[in-house]
Amino acid sequence: MAKHKTPLLDELEKGPWPSFVSDIKLEAEKRAKNDAGLDFQIPQDCPDDLLGVLELAYKDKETHWKHGGIVGVFGYGGGVIGRYCDQPEKFPGVAHFHTVRVNQPAGKYYNTEYLRGVMDIWDLRGSGLTNMHGSTGDIVLLGTTTPQLEEIFHELTHNLNTDLGGSGSNLRTPADCLGQSRCEFACYDTQAICHALTNDYQDELHRPAFPYKFKFKFDGCPNGCVASIARSDFSVIGTWKDDIRIDQDRVKAYVAGEFKPNAGAHSGRDWGKFDIVAEVVNRCPTKCMSYEDGKLSIDTSNCTRCMHCLNVMPAALKIGLETGATILCGAKAPILDGAQMASMLVPFIPVEEPYDEIKEVIENIWDWWMEEGKNRERLGETMKRQGFQKLLEVTNTKAIPQHVKAPRANPYIFFKEDEVPGGWKHDEKGYRERHMR
Ligand code: HEM
Ligand code: HEM
Ligand code: SF4
Ligand code: SF4
């Protein structure tokens with residue numbers, strides 16, 4: 001018997017998509033029965049009260065969480081998002097409802113034993129509810145009380161060898177696409193570098209030392225399966241320098257209909273017979289492909305590595321062998337001064353252990369931004385305020401045409417004094433000798 005009436009939420013149990021309401025109800029029932037005989041460390045009916053307060057929020061069309069909340073574990077300055085209900089008497093089960101961010105493995109591969117380990121801790125010391133995963137990547141343990149935080153942290157670290165994720169003005173939990181683990185487009189080992197850099201910068205992740213938050217994300221290729229270009233201040237996107245490898249026999253097999261275009265991604269609708277000219281050659285953004293006498297060729301010098309042709313004919317076209325990555329900086333959501341996607345900083349950089357070249361770029365950016373960034377100013381905004389030129393200087397990057405989509409159209413151009421013969425010192429007297437007032 002449910003603790004609260006939830007007529008609005010009950011509506012969301014209808015329909016084909018997995019219902020979060022049905023799932024929370026199941027968890028509430030499971031806790032009520034308590035077959036495992038747990039000595040629950042937070043209210044047994046926590047999930048019931050969560051449904052109760054959510055139903056109230058649906059009715060009022062207002063949230064019922066108080067503002068903010070500062071909780072955590074000793075030694076760290078982040079990792080836990082504190083939260084308190086603004087109707088604690090009606091819903092005592094969620095009077096405290098803190099969220100614990102737990103650092104996920106790169107690529108989010110698990111075994112059952114590990115996940116059971118997490119849930120054993122969480123069933124006892126938390127609500128039993130989770131988010132798999134937070135948008136940044138963390139395993140999110142949703143809802144516990146303050147006294148349980150150190151207990152959970154102790155068990156995560158001592159029993160599961162697992163740390164917390166990041167929150168606050170620091171390096172947040174890095175994330176990556178699944179990369180070479182099961183994608184033939186991956187130009188570098190996204191999981192390896194994500195894991196290595198997460199370990200290298202643990203201090204920056206656990207103890208806020210930055211003007212604002214900072215995120216890393218690693219995409220194995222320009223398809224952007226972890227959306228690093230939109231969702232990380234420091235985005236690493238795999239690419240290659242040499243030729244796309246073409247298997248002409250397999251190209252013929254695509255043309256003959258033996259392979260499905262886009263690996264069958266459009267098989268839900270009849271798009272007609274595969275037409276390599278219409279679907280690949282003419283779609284190439286740089287028009288650097290040709291298909292003549294049954295032979296596909298690509299003018300590599302004009303290929304921008306957009307991925308389109310590889311995506312359409314994955315069995316016939318492969319990434320080059322000289323692989324590496326592009327570094328882009330400054331992506332952020334709208335607040336304060338407008339949304340930004342990342343801007344290209346380093347067109348090609350090797351991605352090899354121990355990643356010294358990439359770490360040098362990161363650390364140069366941090367040295368600059370940590371000094372110059374204003375309070376709660378994202379890297380992207382510092383770049384706007386101080387100029388892209390400044391970012392190039394601090395990262396010792398030579399300006400190249402690839403740094404811009406188009407050159408500036410306004411003539412408000414700053415020169416450095418030493419670039420200008422004579423400098424800025426102005427001899428008014430000499431001028432007046434030539435030009436009378
Ligand atoms: C080779 C000679 C000249 C050059 C290269 C020149 C150039 C310019 C430029 C670049 C502007 C700004 C246009 C804008 O803001 O969109 C301007 C505006 C103006 N010029 Fe000239 N100019 C010249 C001669 C003159 C002379 C001889 C006069 C007056 C006797 C004059 C009067 C003005 C005025 C009043 C404006 C402002 C117009 C406005 O704001 O609508 N200019 N000029
Ligand atoms: C008391 C006298 C003057 C005042 C109060 C005045 C004021 C202004 C103002 C407010 C602007 C616009 C600035 C801006 O858009 O940021 C301007 C622009 C301009 N003025 Fe004057 N002005 C004066 C005299 C003159 C004279 C005598 C000339 C030329 C013989 C002149 C030529 C121009 C020109 C060419 C511009 C356009 C500059 C540009 O677009 O970059 N002004 N002036
Ligand atoms: S971003 Fe590229 S390499 Fe990574 S999973 Fe997606 S398609 Fe594969
Ligand atoms: S990767 Fe893109 S730009 Fe390069 S040849 Fe293929 S379609 Fe053209």
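The residues of the chain are indexed from 1 along the displayed sequence. Remember, it's 1-based here, ligands and their atoms both numbered in the order they're listed.
For ligand 4, the atoms closer than 4.0 angstrom to any heavy atom of I298 are 5 (S). Taking every non-hydrogen atom of A186 and a distance limit under 4.0 Å, the qualifying atoms of ligand 3 come out as 3 (S). Heavy-atom proximity to C306, at under 4.0 Å, picks out these atoms of ligand 4: 1 (S), 2 (Fe), 3 (S), 7 (S). Those atoms of ligand 3 with a heavy atom of G224 less than 4.0 angstrom away are 1 (S). Distances below 4.0 Å separate heavy atoms of N223 from the following atoms of ligand 3: 7 (S). The distance from ligand 4 to the heavy atoms of C288 drops below 4.0 Å at these ligand atoms: 5 (S), 8 (Fe).
At the top of the distance list for atom 8 (Fe) of ligand 4, counting protein heavy atoms only, stands C284 SG, 2.4 Å. Protein heavy atom at the shortest distance from atom 4 (Fe) of ligand 3 is C177 SG, 2.2 Å. In this structure, atom 2 (Fe) of ligand 3 lies nearest to the protein heavy atom C221 SG, 2.3 Å. If you check which protein heavy atom lies closest to atom 6 (Fe) of ligand 3, you get C225 SG, 2.3 Å.
Under the 6.0 Å cut-off for aromatic ring centres, F153 and Y76 qualify, their centroids lying closer than that. If you look at F185 and W240, their ring centroids are not closer than 6.0 Å. For Y212 and W369, the gap between ring centers reaches or exceeds 6.0 Å. Two rings, from W65 and Y84, have their centers 6.0 Å or more apart.
Between K390 and E372, none of the side-chain N atoms (NZ, or NE/NH1/NH2) sits under 4.0 Å from a carboxylate O, so this pair counts as no salt bridge. By the 4.0 Å N-to-carboxylate-O rule, K416 lies close enough to E393 to be salt-bridged with it.
Atom NZ of K108 has more than 12 heavy atoms from other residues, nucleotides or ligands within 6.0 Å.
Both the backbone and the side chain of T304 come within 4.0 Å of ligand 4, counting heavy atoms alone. Contacts between M289 and ligand 4 below 4.0 angstrom, taking non-hydrogen atoms only, involve the side chain exclusively.
Checking C309 against atom 6 (Fe) of ligand 4, an N/O/S atom falls under the 2.8 Å cut-off. Atom 8 (Fe) of ligand 3 lies under 2.8 Å from an N, O or S atom belonging to C183.
Cation-pi contact between K241 and F348: present, with separation from the ring centre below 6.0 Å and deviation from the ring axis of at most 45°.
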Determine, stepwise, if the pair R182 / Y109 fulfils side chain to side chain donor-acceptor pair (under 3.5 Å).
CA-CA 11 Å; R182 53 176 186 141; Y109 288 94; 3.3 Å; yes
